[in-house]
Amino acid sequence: MKETDDSILDILSQTAIPVQRGTILWYINANEEFPDTARTTFYRRTGRLVYADLVTEIDERFFELADYGERYLSDELSAAEEMEISKRMGEGPPNVDS
């Protein structure tokens, strides 16, 4: 997991409704508590979070925290689940650069 991943998950954990991609990126870059993130990096990282089932993508524009994402933030994942998520985050979705 990278710092950007944690920023995205943290933002999504603070809202009860799906959030648009651009809103998440704006919020990351507008707040000093998060590291500034380039648009291309943000798109790659959200793709990996979706691929790892930490985030759910709705209509290719909106995102919400998935069950695994909530459990990840609460440190409630089993060792096997953590390994699977780590593997998926490392490999990324098919046809996407790291």
Heavy-atom closest contact (F63 atom, V55 atom, distance): CD2-CG1, 3.6 Å

Nonpolar side-chain network containing I17, other nodes, edges under 4.5 Å: none

All pairs passing salt bridge (Lys or Arg N to Asp or Glu O under 4.0 Å) where residues 3-23 contributes a residue, at least two apart: D5-R45, R21-E57

E81 versus Y72, side-chain donor and acceptor atoms under 3.5 Å: no

With sequence neighbours excluded, residues passing salt bridge (charged side-chain N to carboxylate O under 4.0 Å, His left out) with D67: R71

Student check: side-chain heavy atoms of R88 and E84 closer than 4.5 Å: yes

Which residues share a side-chain contact (heavy atoms from CB on, under 4.5 Å) with T40, sequence neighbours left out: A38, R44

Test item: T15 side-chain N/O and L12 main-chain N/O as donor-acceptor pair under 3.5 Å: no

More than 12 heavy atoms from other groups under 6.0 Å of CZ on F42: yes

Please table the atom pairs, donor to acceptor, closer than 3.5 Å between any side-chain atom in residues 23-31 and protein atoms at least two apart or in another chain.
residue: N29; atom: OD1; partner: T37; partner atom: N; Å: 2.6
residue: N29; atom: ND2; partner: T37; partner atom: O; Å: 3.0
residue: N31; atom: ND2; partner: Y27; partner atom: O; Å: 2.6

4.5 Å side-chain heavy-atom contact, F34 and T4: no

Nearest-0.5 Å distance, CD of residue E70 to CG of residue L54: 11.0 Å

Sequence-distant partners of E64, side-chain contact (heavy atoms from CB on, under 4.5 Å), two or more places apart: P18, T56, I58

Smallest separation among heavy atoms of A66 and D53, with atom names: CB-O, 3.4 Å

Student check: side-chain heavy atoms of L9 and Q14 closer than 4.5 Å: no

Donor-acceptor contact below 3.5 Å, side chain R48 vs main chain G90: yes

For the student: nearest non-hydrogen atoms of P94 and Y51, plus distance: CD-CE1, 3.8 Å

